[in-house]
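All remarks here apply to the structure that follows.
For reference, positions follow the sequence shown, starting with 1.
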Amino acid sequence: MALMKVITDGASDIPFEVARDLEIEVVPLLAQIDDRLYRIGIDISEDQVYDLLFNGHDRVEIIKPSATVFEQLYRSLLGRYDYVYSIHLSHRLGSILSEVQTACARLPASNTRIEVIDSKLAGMGQGSVTIAAARAIRDGMSPAEVSDLIGQTIRHTHTAFFVDTMEYLEQSGLLTFSGSLIGSMQRIKPLMILDEGEIVPYERTRTRAKAIEGLFTFVEDFPHVEDVIIHYATTPEDVEKLFEKLDPIFPRDRVQVSRMGPAIAARLGPGAMAVTVFEGFDEA
């Protein structure tokens, strides 16, 4: 039986215990603070990074892992595994994927096949694809079946979100729509979605309550839902409000709740909230 390994980056927000149990290799993101680099989750906790991001420290920046870091990891796996699935943040939301591709280009010829995958997602949306791949390997699927499952899971996973202020998204440079449209969104709480990994406007909601209602409607509009993940940045109290709306259509005990990791929170800002839906493979 082929030996297979799953790799992802810290933008996937996979809990440490889950990554450990499924033997997922998570390459940490870095926090640059006063010209020093810290590996998030190793040298500095996510709570500490959150505190620095949103409590007035203006010299903290989230940095992607370098190609060299990925190269060293891949070299350590060559010959030990037959297949490596490297699943990463949408290339439209950051340049991690380009670092991964650079790393792969530096590798010597080997019997180990490294498959680099753009998840077209972020946070636990990306994480859920990674977890599905690791579980498939654990359950004895073949390499072809794992590859197919990853692709199918990406196609059937969808994310909607809103931000409290457009300031952080504007500064991130991730918005590709016009400046006039961005300007018109400044005083509302617009709903946005990830479409093929790109942020696009979805619905104009003017208050936080309406935005939370919009997240519920986003879930409700799917004819079939297998999994729901609620993501929040700094307002866990709003999770219960969304729970109350979801209760009639989806069991509360099947909803996962995830605090956004620093990489995503830094781009969306305090008060951001999102929901990810996996609709399953049965679209009937």
Note to self: Among Ile230, Leu268, Val163, exactly one meets side chain to side chain contact (heavy atoms under 4.5 Å, CB included) together with Met273. Which residue is that?
What the structure shows: Ile230
Check: Looking only at heavy atoms, what is the nearest atom pair of Leu77 and Thr112, with distance?
Finding: O-OG1, 3.8 Å
Next item on the list: For His88 and Thr8, run side-chain hydrogen bond (donor to acceptor under 3.5 Å, both in side chains): C-alpha distance rounded to whole Å, both residues' side-chain angles, the deciding distance at 0.1 Å, then the answer.
Entry: CA-CA 6 Å; His88 298 286; Thr8 191; 4.8 Å; no
Checklist line | Any residue meeting salt bridge (charged side-chain N to carboxylate O under 4.0 Å, His left out) with Glu196, in chain and number order, not counting sequence neighbours | finding: Lys120
Checklist line | NZ/NE/NH1/NH2 to OD/OE distance under 4.0 Å, Arg113 and Asp82 | finding: no
Next item on the list: State whether the number of non-hydrogen atoms from other residues, nucleotides or ligands found under 6.0 Å of Arg80 atom CZ is greater than 12.
Entry: yes
Notebook entry, point to check: Which residues pass the salt bridge (charged side-chain N to carboxylate O under 4.0 Å, His left out) test with Glu71, sequence neighbours left out?
Noted result: Arg75, Arg106
Check: Could you walk me through whether Ile137 and Tyr85 pass the side chain to side chain contact (heavy atoms under 4.5 Å, CB included) check?
Finding: CA-CA 10 Å; Ile137 291 171; Tyr85 300 93; 4.3 Å; yes
Check: Nearest heavy-atom pair of Pro143 and Ala2: which atoms, and what distance?
Finding: CG-CB, 3.8 Å
Item checked: Closest non-hydrogen atom pair between Ala160 and Leu215, with its separation -> O-CD2, 3.7 Å
Item checked: His158 ring center within less than 6.0 Å of Phe218 ring center -> no
Margin query: For a quick test of reading the model, state the closest non-hydrogen atom pair linking Gly271 to Ala233 and the distance between them.
Written below: N-CB, 4.2 Å
